Every structure is written in structure tokens, then in C-alpha cells.
> 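The structure's right below; bear with me while I get my questions together.
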2 protein chains.
Amino acid sequence: MKNYIKVPQDIEKRSFEIIGEELGDKKNKFDDTTLPIIKRVIHTTADFEYADLIEFRNDPVSHAMKALKDGCKIYCDTNMIVNGLSKIVLSKFNCSANCYVSDPEVAKEAKERGVTRSIVGMEKAGKDKNTKIFLIGNAPTALYKLKEMIENNEIEKPELVVGVPVGFVGAAESKDVFKELDVPYITVNGRKGGSTVAVSILHGILYQMYKREGF
Amino acid sequence: MKNYIKVPQDIEKRSFEIIGEELGDKKNKFDDTTLPIIKRVIHTTADFEYADLIEFRNDPVSHAMKALKDGCKIYCDTNMIVNGLSKIVLSKFNCSANCYVSDPEVAKEAKERGVTRSIVGMEKAGKDKNTKIFLIGNAPTALYKLKEMIENNEIEKPELVVGVPVGFVGAAESKDVFKELDVPYITVNGRKGGSTVAVSILHGILYQMYKREGF
């Protein structure tokens, strides 16, 4: 049997060291609060291109930290994101995460209206005033819908939108158009992104708080 | 409000057309059963590098299709993979997917032994003879452990191993070393991979069967 590192903490620590070394001068693009986020995205994807593609707008990390400390709700456009988020860490801050795209009523209404379940799910999420953070890793339509709801004052301005839908039809455009808003926003320019990327961005924020609180 | 495609089927269809066009001559590396798989991986990641990194060994698609038709169990090394798999499609074939890393007993035993929960979860999965397919998107230790169990005849030879752990410590090596076995195997060489990639590979197989059966 081959020898291999079996202790999870050691594996993660060494991984982050390697990522730091290989990022090299690109580290200078980030500050103390955004560097842990891009490192975690690269840890999740093994794709250093994210260091060029990620963008932070309107002071998203401090806004998000405030909302998380206040125990907000997090709406996710896929169940995979909900599933990937650390329940242990979220519960320390009295936060919770939801996704409605698989709700039978949401699916039914989407079919009747001929729109995506993501749109109908986003409408439902917007009705809960404690939803301060939105993680969108899949559906451009969810991001367009969220923009529309903010512009029409149907919901209060979110404290963080992670807009990282992945794909070939509408994804890059949806992420770009969302920048018109004055909303705390973390995005990945271009086609890349996805559920695991959305999770890693929020974890990159949460784990900084978790460490600082000394849990 | 900006116009955008709101019908999910149209978005997916157009996405696959774009992927096909941009793959160009690289399409020739694949056959009728593997091309839909790499297209789905690229659809999930927006990363064409996967066309160079993916590898199919020991006729994995036909073995997997047989096992899926027989209604096998699928062991996944993350709950995100279980969550991402289409329950509707799996149920059509009487298949089911599981992950044990969050089981309290598994976590407890891993802590006591100072090994990853992935190793202990894999040991538990191996005890069920109907587990014919393994999807490993996260933990190199899970892939090493699976190799060891096969070599020691602790389990029957699987009908498919999707070995795509992502990462910087042990991931590439684990995927490489697994090739020593004469087992149906789909892998992504190097550091890349992850839960969404594992899901997209199995969906790439399942959806071919789903279409053919005319559900």
C-alpha cells in the first residue's frame, strides 16, 4: 500500500501553501479579505484562471460579513449549493440556506408559464425579507430575475450577490449586465463558474469569520 | 427588461451546439458514446481543457450502461454528487446513489483512527455487493482506498469508477495510480475534477440511455 497523507487538515494546509506559491505576483491583485476567497476557489477548481476572472464590486466581503453575523438567510439557485455549504459553520452564525427550484409548486408554475424554475424560485425567495445573500451558480435567468426585482424595488438591496452562473447561453452576459447595479457583488467574468465555485466563495468569507471568532 | 431565452430546453440545446462547434477537430478523439460525455463535462465547467484531460479506460460506458440497466447502487464520495444526480432519471432505472461521509458513526470512526471520513465511508460502501459504480470527485484517499479494496479482493470488480478528485495534494497521483487496475474507469488527468464533473460524467451516460429508452 502506497503511503499518502491521510489527515484532512494537513491536506488542506499543504494545498493552500501550493496555491499561494503558484499564484506568485497575482496575489498582489487581492487584499487580506479577498485573497482567502480566490485561494478557496482555486482549491475547489484547480483552475488558476479564476484569479484573472474573479471580480469584487461594492465592498462585498464586509457587507456579507455583517449580514452573516446578523444571522441572515441565503438563497441558492441550486440544491447542490445548499448541500455543499457547511451546515456546521452556518449554524454557528444562525444562518441558513435554501433553494426552491425543486419545490413541486415552483416546478408546476414554471411549466405553466413556460419559464425556468430558477425564475419562479427567485421570486419566491425575494418574498422573505431576511434573505440578504444570493448565491447563483447555475442559471443566468435567476441573475436576470434578481436584477429586475432589485431595480423594481420588489426586494431590498441584498448584502451580497455571488453571481457565477456557468455556461454558454446568457451566462457571461447576465454576469456583466448585473454590474449596472450598485450592489455588493462577487462575480467570475466570462463563461466559467458553477455550484462548487459559488460554495467556495461563500466559504472563503465564512471561514475567515469562523477563525476570527475562535470557534 | 432585457430579452433572454427563458425556456430551459432551448438553452441546453443551443449550449451543446456551441460546444460542438468550438470543440472542432477535437471531436475526433471521441466516439458516439464518449462524445456526449465530454460535451456534458464542458457544459458543466465551461472549460474546454477537459477534452484533453479526460480519459476512458477498459470500455467504461458499456459496462456502466449494463450495471445501470440492472438497477445498481452508486457510491459517491460527496453529498454534493448525490444531490446533483437526477433522481428522476436514476429512478427510471431503479438505481440509487449514496454517500456516507456525513454519517455520524463514520465521522466518529475517522476521528478515532485519524484518517479521512472518505476512507471510512468507502469501506462501508464496499460492504454492499450491489454497489457497482463509484463516483469520486473530491478525495484522493477515497480513490486510493477503493484501489486497495479491489486489489485485496475485498469487493468485486466495479462496473465503473469515475475517478475525478480535484486538488493539489495527491489528486493527480491517485488518479494515475488507479490506472494500474483492469477496471472500467473514466478519469481526468492532472489536478482538475470535482463533484460537478463527476455528476456530469454519469449524466452523460444516463441521458444517452434515457433517450434510447424513449422515456
Side-chain angles (χ1 to χ4, degrees), chain A residues 1-2 4-8 10-19 22 42-47 49 78-84 87 102 110 113-119 137 139-141 144 147-148 151-152 166-174 177 190-197 199, chain B residues 1-2 4-8 10-19 22 42-47 49 78-84 87 102 110 113-119 137 139-141 144 147-148 151-152 166-174 177 190-197 199:
Chain A
M1 181 174 164
K2 214 172 128 52
Y4 50 88
I5 307 182
K6 294 185 196 67
V7 183
D10 292 352
I11 295 171
E12 180 157 315
K13 185 165 173 278
R14 181 66 195 127
S15 298
F16 275 80
E17 286 168 4
I18 294 169
I19 293 164
E22 295 192 23
I42 294 169
H43 179 252
T44 293
T45 58
D47 186 348
E49 200 190 352
T78 69
N79 281 299
M80 276 189 96
I81 299 178
V82 175
N83 195 274
K87 300 301 163 294
S102 299
R113 290 167 53 192
V115 299
T116 67
R117 290 181 292 159
S118 300
I119 288 177
T141 57
Y144 278 123
K147 179 169 184 275
E148 192 179 270
E151 285 172 329
N152 295 345
V166 60
F168 295 84
V169 175
E173 297 79 354
S174 72
V177 166
R191 290 165 166 180
K192 287 185 177 178
S195 293
T196 51
V197 173
V199 168
Chain B
M1 181 173 163
K2 216 173 125 53
Y4 48 89
I5 307 182
K6 294 186 195 66
V7 184
D10 293 352
I11 296 171
E12 180 157 317
K13 185 166 173 277
R14 182 65 195 127
S15 298
F16 275 80
E17 286 168 3
I18 295 170
I19 294 165
E22 295 192 22
I42 294 169
H43 180 252
T44 293
T45 58
D47 186 348
E49 200 191 351
T78 69
N79 281 299
M80 276 189 96
I81 299 177
V82 175
N83 195 276
K87 301 301 164 294
S102 299
R113 289 167 53 190
V115 299
T116 67
R117 290 180 293 159
S118 300
I119 288 178
T141 56
Y144 278 122
K147 179 169 184 275
E148 193 179 88
E151 284 171 330
N152 296 345
V166 59
F168 295 84
V169 175
E173 296 80 353
S174 71
V177 166
R191 290 165 165 179
K192 287 185 177 178
S195 293
T196 50
V197 173
V199 169

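Only a predicted model underlies this, so the values are computations on that prediction, with no experimental measurement involved. Convention: sequence-line order gives letters A, B, ...; per-chain numbering from 1.
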> Using side-chain heavy atoms (C-beta onward) and a distance below 4.5 Å, is T196(B) in contact with M80(A)?
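Yes - at least one pair of side-chain heavy atoms lies under 4.5 Å apart.
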> Quick one: what part of S15(B) sits under 4.5 Å from any heavy atom of chain A, side chain, backbone, both or neither?
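Both parts, heavy atoms under 4.5 Å.
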> Tell me, side chain or backbone of V197(A) under 4.5 Å from chain B's heavy atoms, or both, or neither?
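For V197(A), neither part sits under 4.5 Å from chain B.
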> Measure E22(A) against the heavy atoms of chain B and call it side chain, backbone, both or neither at under 4.5 Å.
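Side chain only.
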> Answer with side chain, backbone, both or neither: which region of V82(B) has an atom nearer than 4.5 Å to a non-hydrogen atom of chain A?
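The answer is neither part of V82(B).
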> Side chains of R191(A) and I18(B): does their closest heavy-atom pair fall under 4.5 Å?
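Yes - at least one pair of side-chain heavy atoms lies under 4.5 Å apart.
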> Nearest 0.5 Å, what's the OG1-NZ distance between T45(A) and K192(B)?
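The NZ atom of K192(B) is 7.5 Å from OG1 of T45(A), to the nearest 0.5 Å.
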> CG of N83(A) to OG of S102(B): how many Å apart, nearest 0.5 Å?
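If I round to the nearest 0.5 Å, the distance is 8.0 Å.
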> Counting only non-hydrogen atoms closer than 4.5 Å, does S174(A) touch chain B with its backbone (N, CA, C, O), its side chain (CB onward), both, or neither?
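Contact with chain B involves no heavy atom of S174(A) at all.
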> For the residue pair T116(A) and I11(B), what are the closest heavy atoms and their distance?
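Reported closest heavy-atom pair: CG2-CD1, 4.5 Å.
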> Should F168(A) and I42(B) count as side-chain neighbours, where that means a heavy-atom distance under 4.5 Å?
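Side chain of F168(A) against side chain of I42(B), heavy atoms only: contact under 4.5 Å found.
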> Could you look at I19(B) and say if it's the side chain, the backbone, both or neither that has a heavy atom under 4.5 Å from chain A?
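The answer is the side chain of I19(B).
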> Under a 4.5 Å cutoff for heavy-atom pairs, which residue among V199(A), T78(A), N79(A) has the most contacts with chain B?
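Highest number of pairs under 4.5 Å: N79(A).
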> Could you report the tightest heavy-atom contact between G167(A) and A46(B), atom names first, then the distance?
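Smallest interatomic distance, heavy atoms only, reads N-CB, 4.5 Å.
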> Do the non-hydrogen side-chain atoms of T44(B) and V166(A) ever get within less than 4.5 Å of each other?
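Not in contact.
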